[in-house]
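These numbers were taken from a predicted model, which means no experiment stands behind them.
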Amino acid sequence: MQKFLYITDQTEYSDNSFIGPLFEKYLTKHFEIHIIYFSKYKSSFERKENNKIIIPLADKLNVIDVLGHNGIDLKEYKIVAVRNDTKILKEVLKKRIVFDYKVAFRLSFPKRIAKLQIDEANNKKSYFDIISNKIKLHQETSLINDCDLFLPTTIKMRDNYLKDVKTKTFVIPSAIDPQVLHENIQHEGEEKRFFYAGTLDKLREFEIVLDAFSEIESKSFKIMISTKDPEYAQELLGKYPNLRANFELDNATTKDELLDLIAKADIGLSILPDIALFNTSTPVKIMDYYSSAVPCIMSKNDNNLSIFEDNKTAWLCDFNKESIKSKLEEIIALSKEEITQIGEDGQKRLLDIRNYERIADALAHQLNIL
């Protein structure tokens, strides 16, 4: 079996619902997979039994040399893939002529663009930032064009941010693991439980969603939130005293804790502003919701519309108070049985078209013909 090396941008103990099922589980049917993670706390190379390799963060830009010094022959690998970090990619490309491996670059999310837009939302973006971004974009494009395969989350991500990339492209979208589906725990209360998982900041404008909730006449709902930004969340929620009794704030520290919370909800929330950053891919949180057959109310954009059907497998609305309020009122008026059916139909739809096992099979085919 040919070898595949995946150099992540993740720390040793990070919970990643993408890397785990696709690379650690399903792609192992096609390749011998070795995955590199980085550690802030360890000072020496470590190789674990499950084909994980831990490298000190200080050695991040010398990955190829570190591997060689620890007895790993890069000539044995057919493919070396790099996730998100173009500095590591530059080093991997430089050493390709020595070891004769193929190079793939995985772009899961345009983090630098996201930071730029967050800074803009917080009035921190400068002219220097704009110029710096253009220079880095040119450098990134050049590096990706030197790769054998480009693996963005969506075609739109490439076309919107890296439109000059000409490298052969294979899309790897967020998906669900068919072997890890969670039972939807039906609570006994009459209220509809909405759940939001993830980041809260000015760029996501969650107050628009809360404005819509605050104008709903019925108060037979609960807004459950799990975020790593609890201080921002507390400050934001404090602006809605009429919803105080409807809020439930949590901070799940692991993926399992998050999935346990989601399983107790009725509807997932993923309504985001109509900007390219959020319209180019389906958030992982939507996949987390449907793993528990929890249906989701989400942004009505081309990407989501290509997957879900409004009122059949999800609820879609525009990002404004009136559209969100109208859709929330429709949902609250539904029976629990009707909501459950939409969740089950949505999960079935994703199992058909966004399934990590099938994606791994298709990716393996692309890698084999490089």
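Ionic pairing of Asp159 and Lys156 is not present here: no N-O contact between side-chain nitrogen and carboxylate oxygen is shorter than 4.0 angstrom. A salt bridge between Glu12 and Lys52 is absent, with no side-chain N of the basic residue lying under 4.0 Å from a carboxylate O of the acidic one. For the pair Arg349 and Glu309, the salt-bridge criterion is not met [side-chain N within less than 4.0 Å of a carboxylate O]. At a threshold of 4.0 Å, the pair Lys327-Asp310 counts as salt-bridged, since one of the basic side-chain nitrogens sits closer than that to a carboxylate oxygen. Salt bridge status for Glu248 with Lys264: absent, with no side-chain N to carboxylate O gap under 4.0 Å. Classification of Lys325 and Glu322 as a salt-bridged pair fails, no side-chain N sitting under 4.0 Å from a carboxylate O. Look at Lys321 and Glu215 and you find a salt bridge, because one of the NZ, NE, NH1 or NH2 atoms lies within 4.0 Å of a carboxylate O, short of that distance.
Between Asn301 and Asp274, the side chains place no donor N or O within less than 3.5 Å of an acceptor N or O (distance only, hydrogens not considered). Side-chain contact, Lys285 with Tyr196: a donor N or O sits under 3.5 Å from an acceptor N or O. Checked by atom type, the side-chain pair Asn303/Ser281 shows no donor-acceptor distance below 3.5 Å. Under the 3.5 Å distance criterion, with hydrogens and angles disregarded, no donor-acceptor pair is assigned to the side chains of Thr280 and Arg158. In the model, Ser214 has no side-chain atom that pairs as donor or acceptor with a side-chain atom of Asn242 under 3.5 Å. In this structure, a donor-acceptor pair under 3.5 Å is absent between the side chains of Thr254 and Asp256.
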Under 3.5 Å, which donor-acceptor pairs do the side chains of residues 363-370 form with other protein atoms, sequence neighbours left out?
from: Gln366; atom 1: OE1; to: Lys168; atom 2: NZ; distance (Å): 3.2
from: Asn368; atom 1: ND2; to: Ala364; atom 2: O; distance (Å): 3.0

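Listed by chain and number, the residues in a side chain to side chain donor-acceptor pair (under 3.5 Å) with Glu32 are His34 (sequence neighbours excluded). Under the rule for a side chain to side chain contact (heavy atoms under 4.5 Å, CB included), the partners of Leu57 that lie at least two apart in sequence or sit in another chain are Phe38, Lys40, Lys60. For the side chain to side chain contact (heavy atoms under 4.5 Å, CB included) test, residues two or more places apart in sequence or in another chain that qualify with Asp361 are His30. Qualifying side chain to side chain donor-acceptor pair (under 3.5 Å) partners for Glu191, counting only residues two or more places apart in sequence or in other chains: Arg193. Partners of Asp146 under the side chain to side chain contact (heavy atoms under 4.5 Å, CB included) rule, at least two apart in sequence or in another chain, are Leu93, Arg96.
A donor-acceptor distance shorter than 3.5 angstrom exists from the side chain of Thr169 to the backbone of Thr167, with no hydrogens or angles considered. Put simply, the side chain of Arg358 never gets that close to the backbone of Ile353: no donor and acceptor are under 3.5 Å apart. Side chain of Tyr289 to main chain of Phe195: a donor-acceptor pair is present (N/O by atom type, distance under 3.5 Å, no hydrogens or angles).
Connection of Tyr240 to Leu249 is established within a shared hydrophobic cluster, with ILVMFWY side chains joined at heavy-atom distances below 4.5 Å, either directly or through further cluster members.
Between Ile262 and His182, every side-chain heavy-atom pair lies at or beyond the 4.5 Å cut-off. Side-chain contact check for Lys255 versus Asp288: some heavy-atom pair is nearer than 4.5 Å. The shortest distance between side-chain heavy atoms of Lys95 and Leu74 does not fall below 4.5 Å. Considering only heavy atoms from C-beta on, His69 stays 4.5 Å or farther from Asn62 through its side chain.
Residues Phe213 and Phe194 place their aromatic rings such that the two centres sit under 6.0 Å apart. The ring of Phe206 has its center no closer than 6.0 angstrom to the ring center of Tyr232.
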